[in-house]
Amino acid sequence: MPESTENKKSFKSTLNLPKTAFPMKANLVQNEPATLKRWDKLGLYDKLRAADHPRGPYVFHDGPPYANGSIHLGHLLNKVLKDMVVRSKTLAGYDCPYIPGWDCHGLPIEHKVMQDLGDAAKDMEPFQVRRKCKTYAEKFVKLQSKQMQRLLTLADYDNPYLTMDPVYEAAVLEVFADLVDKGLVYRALKPVHWSIANQTALADAELEYYDREDTSVYVLFEIAEPSNLPDSLKAPHGEPIHLMIWTTTPWTLPANMAVAVAYAPIYGLYSVSHCGQDKHVLLAVDLEERVFNAAGVTNYELQGVCAGTHLQETHLYYKHPFMDRIAPVVVADYVTLEEGTGMVHTAPGHGVEDYQTGRKRGLHFKQEDDGSQTVAWVRPDQSEPVPYPFDVYCPVLPDGTYDRTVPHWLQGVGVLEGGNERVVDHLKETGNLFHAELIDHSYPHDWRSKTPVIFRATEQWFVTMDFPVGFSFFEGQGHGDATAPTLRQMGLEATEKDIRFFPEWGRNRMRGMLESRPDWCLSRQRAWGLPIPVFLPPEGIEVEPLYTARSVRAVASNLRKHGSDFWFKATPAELLEGYDLAADIAEEQVPQWLEQAGSDAFNELEKSHDIFDVWFESGSSWNAVLRERGLGFPADLYLEGSDQHRGWFQLSLLPALGVTGQSPFKNVLTHGFMVDKDGRKMSKSGGNALEVDTLLKDFGADVCRWWVSSLNPDNDIKVDHEFFRLAGEEYRKVRNTLRYLLSNLYDFDPRPADQSGHAYSFTDDDAASLDAWALSQLDGLIHTTTRAYEALQFRKVRDALFNFCNDTMSATYLAATKDRLYCDAADAPRRRRTQTAIHRIADALIRLVAPVLPHTADEAWLALHGDTPDPISVHLAAFPQPSDAPVSEAWPGVIKSRDVWLKHIEDARQHANIDNPLDVGLRVPDPDNQLAAFSADDLADLCGISRLELSATTDQLEMLDLRDQPRCERSWKRDGTVQQRSDASNLSQRDAKALGLA
RNA sequence: GGGCUCGUAGCUCAGUUGGUCAGAGCGCACCGCUGAUAACGGUGAGGUCGGAGGUUCGAAUCCUCCCGGGCCCA
C-alpha cells in the first residue's frame, strides 16, 4: 500500500467527520405510516387544540367531497393544500381546527344502490333504500378518510361532519326555516324529465338515449294582426299570413305559449302554392330550400324580408291553431338555423329552454272578456317585473294523459299513445299542417322501464334571486320591506366588497355567475336526501301547503333527535310535535283551511315527497359546522377547485346572505384542474389518469406534497408520473441538506457555556464571519417564507426553501465550512461558532419546512432534539424568529465577488491543467481595503481553495498555482503553513494544533 | 355558442404601473471531488415570450383578431 494512502487512513480517524442516525434514504413508504401512528398515539390533533395560540383563531372550513369512490389526484391537491394552510397557520401561532367533511346524500349514491338492487328495489320502501345508501356512503367515508390521512393531513378525522348526520340535517333545516322566514322560498312549476311508466321525475343520470322514430311536423300559425308585420315583408293586404314552426313533438303543441325567433338572421315572407291553395308563410331565408324541398313545394316566391328582432319589436301575435289563444313572437338567443324553420315552437311546460324563455319574457296568461286567452309577456322596453310566481302551463297529468284544459278531442289521451297522431290529424284537417315526415332521432328513455320520457312541468321549490330579502307574499298579500335588496344584489355586493379572491379573477367569475343565475331550484324527487319539511294539504283542497319558519323549525328539532328517516316513518303530527300553530295563526302565516281546522287536522296533511338539492345541504355547512360547533363565523378561508365558484362557494354564499346578511367566508382560494402532460383533461377512459395509491406507493406522501408545493395552483396543473420523480429528486436534495446539517452536530450541545453546553454567543466582532452571513441568510429565509405562508403562496415558500438548501447552504455555506468542521479541534471556538449557526439553521429549517413535509420535518426534529424533545413534535412548535445576529453590510458584495472569483479560478485551472481546487490559491485585488475585515481563510474556504491573498497593489485577479507547495496530509490544503511535524507528517499549523503537535 | 381563464427555454415557474425583463430551479452536457458518496462542488448550452396585425420613440407587458388548452354554463 502506498504511503500516502496509509497516511490518509491514519488521519481520517482524527477528523470530526459527520455522523447521524438520520438516514439518507427516506423510505417514506414504510416510515410515513409509522409517523401517522406516532401522531395518533400522541393525540397530536387534540394537543394542538389545547395548546396556546397567541394569534387567536383562524377559521378554515373544509368543503365536503362526495362520499363515493377512491380519492383522485384532485383530492390529493386539494387536501394537501388545505393541510399546508392549516399546518402553517398553526405554526404561525393561530388556532386552526380542520374538521373534514363529506357530502353523503344525492343521486350518484342512490343510483349506484338502485343499480345494485335491481328489481328488488321495486318492492322497497324509501327508508329501506335509504338504509342501503347510508351504508354505502359510510363505506366510502371510511375509505376516503384513510386515504386522506395517508396524505399526512392533520384533521379531526374522529369527528368529521357528514351531511347525513341528524345534527347536520337539523342545522340545514334551520337555514331553510330562516329562508322561509325571509320570504325567499316559493313553489312553482318547472319542466323536468318525467317517466310516465314510473310516474316520477328523473335526473340526467337516470336517462338512457336510444334512437326513436317520431313524426316531425311543419305547422302554420296564423298571424293575428297582419297589419303589425314589418313593412319590409311586403305582406299582401287582407290575406292570411302564417308563421311556420317545426317540431318533433307535436303532442306539446297544446302547451304552446310563444314562437321564438333568432335575433339577427333574416326571415322571409314567401308565397307558395300548397295543397292547391296559395299561402303566405314566414320562415328563415337560409332554410327556405330545405323546408320547401322536404314539403315537395317547388313553386315559391320570396316577397320581402326582415330581421328576427323586427318581429319581436312589432309586437306580433299569432292564433294558436286549436287552442282559443293568441300568443306572441319573441326573440331567444338559442334559436339557430341548423334545422327546422328558424321559428321555434315554445312550450314552457315541456322544455328547459322554453321554460327559460318563459321566465325571461314573463309569459303568462291573461283571460279576455270573451273567454279566450292571451299570452301576455314582458317586453324588453317595459319595466314591469316578471310575474311571481311564474305561471307555467302544462296540460299533461302525471300518468301522461292530457287534462281538461285541452280541447275535448284530446282530453284523456296519452301524449305518447295517440297524442301525436290526434294533434297531427287535427292540424291536417284545419289546414295548418304544412308538412309531416318521420324522423329517427336520439331520444331520452327511463333507465329502468326503458320507456321514452317526456318533459313535464312539475311543482318544485325555489329560492328567489330577485325578491327583496325579508319581503314575502302570502295569500296575495305582501309583507315586509319591498325596497330591501334581493339575494342577487346582496351576492354581488358581497362579491365586490367583502370577499378577497385568490386568484383575483375569481371575483369576475363569481360576479358573472351571480348576475346570470336563475332562481335556485331546491327540490329533487328522490329518496336519498334530506326531506323538504313541507306538508301538502289534503287532496282536493287547492290551497297553500304548510311551511312556515315555525313549522320547519319544529320538524328540524324532531329530526335532530331522530334523524331524517323519521320523516318517512312518523306521522305529520309526530313530525310537527312542538309546533306552535297558534303563534303562526296570530301572525297570519298559516293557510286559511288549517287555521280553521286546527292542529287536529295535522294527520290529514300529506308529507312532501321531495328532498333537497344536495347543494343546499353542503351550502349550509357554515351553519351546520361552523356555527353548530362554535368554530367561528364567518370563516377566514374556503379553499376548493375553481368549479366551486358556481358550486359550493356560490351556494354557500346565497343562503348565508339570506340568513345572516354576511358572506360565510372572507377569503376564497381556488386551484385549477389536473390535466395530463399535454394539457388535456384527465379521464379514466382516456387512460391518462394517475392513481393516488400508485403515487403514494412509488414516492410517498412527502414527495407528493413537495410536488404540490411546487405548483402554481391558479392554473391548470399538468400531471405526469415523471413529474413526481423529479419532485422526489428535489425532496432528496432538501433531505440531504437537513441530514448534513444534523450530521455535523453529533458532538454539539446547544446549551450555552454557563450550562456546560457549546453554544457560541455572537457579538459585533463576528459580523464578518461566514456564520454571521449564514444566519443573516436564515433571517431572510424566515422573513420570506413566513410572509409567503401568510399569503398562502406555497410555491414561493418552496422556492425559498429549496434555494436556501441548494444554494445558500449546500453550495456555499456548508461547502465553505466543512474544512473547519472536520479539521479544527473539536472544541475550537471557530468550529463551535459554526455548529451554533448550523444548529440554529437546522432547527429553523425543520420548522419552516414542516407544513410541506410533515413527516420528514418531524423525523428531523427528533434527530436534532433527541427522542423526547420539547415540544414532542415539530407540529406543536412555532415558526422561528429572526436571530438578528450582527452581520457585515459588505457580505452581499463578497458573495457577488465570489461568483467572479470562481469563474476566474475555473478558467485558469482549465488553462493550467489543474484538476484539484485545493492546488490553487487566489490573489484578489483590494486597493481600498474593502475586504480587510474578512478573514482570508473564510474567503479561501468560500472558493474551495487552499489560500486567498488580498493585495492592495494588484488590480487583477490572479490564480496561484500551488502544486509545488507542501500539502497538509490531514486537511489536504496547501495553505502556506505546512511543515514536517514531530511525528514526521506534513501538517498545516491548524492541523498540527488540532492534534496537539504544535 | 356564452362567461371566466391560461399559453415565457425540454420541464415547473418568476417577470409590480410598457423602457438592462429575457430570468430562476430542475433536467441536460462537460469538468472536478471521493472525509455529505445511490452524495457533494464548478462551468456551460437552450427561448423570434402561442400566431398575426395595431398603439408607442420603445411591448412578453396595452388593443384587435386568430390558434390551442381548462373550468362553468348553454
Side-chain angles (χ1 to χ4, degrees), chain A residues 8-9 11-20 22 24-25 332-336 338 352-353 356 501 503-518 641-647 650 670-682 707 709-712 714-720 722-723 725-730 732-733 735-744 793 795-796 798-800 802-803 805-807 809-812 814-816 818-819 821-823 899 901-907 909-910 914-920 943-945 970-972:
Chain A
K8 240 186 219 171
K9 287 214 163 167
F11 283 111
K12 183 167 179 177
S13 65
T14 71
L15 297 171
N16 314 304
L17 289 179
K19 252 187 284 190
T20 179
F22 186 83
M24 183 179 284
K25 189 163 166 22
D333 52 15
Y334 54 83
V335 176
T336 68
E338 273 156 31
V352 172
E353 285 180 332
Q356 278 160 1
F501 289 86
E504 170 61 30
W505 51 257
R507 194 186 310 278
N508 295 342
R509 205 167 142 91
M510 185 70 102
R511 188 193 303 118
M513 287 169 173
L514 283 168
E515 279 167 352
S516 65
R517 72 150 300 133
S642 59
D643 56 335
Q644 300 302 339
H645 282 120
R646 188 173 197 83
Q650 191 195 143
T670 54
H671 54 77
F673 274 70
M674 302 288 180
V675 294
D676 70 15
K677 66 180 185 341
D678 301 318
R680 304 281 165 172
K681 180 206 293 251
M682 297 284 269
W707 171 77
S709 76
S710 73
L711 305 168
N712 170 6
D714 291 2
N715 302 332
D716 300 335
I717 293 146
K718 288 188 186 173
V719 202
D720 192 61
E722 172 71 4
F723 300 167
R725 197 183 62 72
L726 296 174
E729 295 199 6
E730 293 184 355
R732 274 168 39 205
K733 179 77 202 186
R735 180 180 181 88
N736 215 38
T737 302
L738 273 173
R739 174 172 184 265
Y740 190 66
L741 291 169
L742 295 170
S743 70
N744 280 296
Q793 294 177 317
R795 159 97 192 170
K796 211 172 197 172
R798 186 221 80 110
D799 284 353
F802 188 73
N803 282 335
C805 287
N806 200 17
D807 194 31
M809 285 296 113
S810 193
T812 309
L814 297 175
K818 71 199 306 185
D819 170 76
L821 287 167
Y822 297 176
C823 303
D899 286 338
W901 301 342
L902 285 174
K903 171 79 176 129
H904 181 83
I905 294 165
E906 176 78 12
D907 292 347
R909 263 175 55 211
Q910 293 239 329
I914 304 176
D915 282 340
N916 193 331
L918 284 177
D919 291 341
V920 165
C943 299
I945 56 179
R970 187 164 175 270
S971 68
W972 305 333

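Residue numbers begin at 1 in each chain, while the letters A, B, ... track the order of the sequences.
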Contact class for [X] vs. all strands (heavy atom < 4.0 Å): base, sugar-phosphate, or nothing?
X        : answer
A:Ser710 : sugar-phosphate
A:Gly944 : nothing
A:Lys19  : nothing
A:Asn736 : base
A:Ala815 : nothing
A:Arg507 : nothing
A:Pro503 : nothing
A:Ser810 : base
A:Arg511 : nothing

- Query: Between B:A14 atom C1' and A:Asn715 atom CG, what is the distance in whole Å?
  - Reply: 13 Å

- Item | Value in whole Å for how far the P atom of B:G41 lies from CD1 of A:Ile905 | 16 Å

Does the side chain of [X] get closer than 4.0 angstrom to OP1 or OP2 of [N] through an N or O atom?
X        : N     : result
A:Lys818 : B:C40 : no
A:Lys718 : B:C11 : no
A:Arg680 : B:G70 : no
A:Tyr740 : B:U37 : no

- Message: So, using ring-ring contact (aromatic ring centres under 6.0 Å, His included) as the criterion, who are the partners of A:His645 when residues are at least two apart?
- Response: A:Phe649

- Message: Run the side-chain contact (heavy atoms from CB on, under 4.5 Å) test against A:Asn803 and tell me which residues pass, sequence neighbours left out.
- Response: none

- Message: Using the side-chain contact (heavy atoms from CB on, under 4.5 Å) criterion, which residues pair with A:Leu711? Sequence neighbours excluded.
- Response: A:Leu77, A:Trp707, A:Ile717

Could you work out the separation of [N] and [M] based on their [atom1] atoms and round it to a whole Å?
N     : M     : atom1 : value
B:C63 : B:G19 : P     : 15 Å
B:C11 : B:G46 : C1'   : 13 Å
B:G58 : B:C21 : C1'   : 14 Å
B:C26 : B:A45 : C1'   : 15 Å

Across all strands, who's sitting opposite [N] as a Watson-Crick or G-U wobble pair, both distances under 3.5 Å?
N     : value
B:C71 : B:G3
B:U64 : B:A52
B:A24 : B:U12
B:C33 : none

Less than 4.0 angstrom from a charged side-chain N to a carboxylate O is my criterion; do [X] and [Y] meet it?
X        : Y        : result
A:Glu722 : A:Lys677 : no
A:Arg511 : A:Glu515 : no
A:Asp899 : A:Lys903 : no

Listing time: all N or O pairs from protein to nucleotides 72-74 of chain B that are below 3.5 Å?
{"from": "B:C72", "atom 1": "O4'", "to": "A:Arg509", "atom 2": "NH2", "distance (Å)": "3.4"}

- Please list, chain by chain and in numerical order, all residues satisfying side chain to side chain donor-acceptor pair (under 3.5 Å) with A:Gln650, sequence neighbours excluded. A:Arg517

- Note on the structure: Scoring nucleotides 24-30 of chain B by protein non-hydrogen atoms under 4.0 Å (B base, S sugar-phosphate only, - none) yields -SSS---

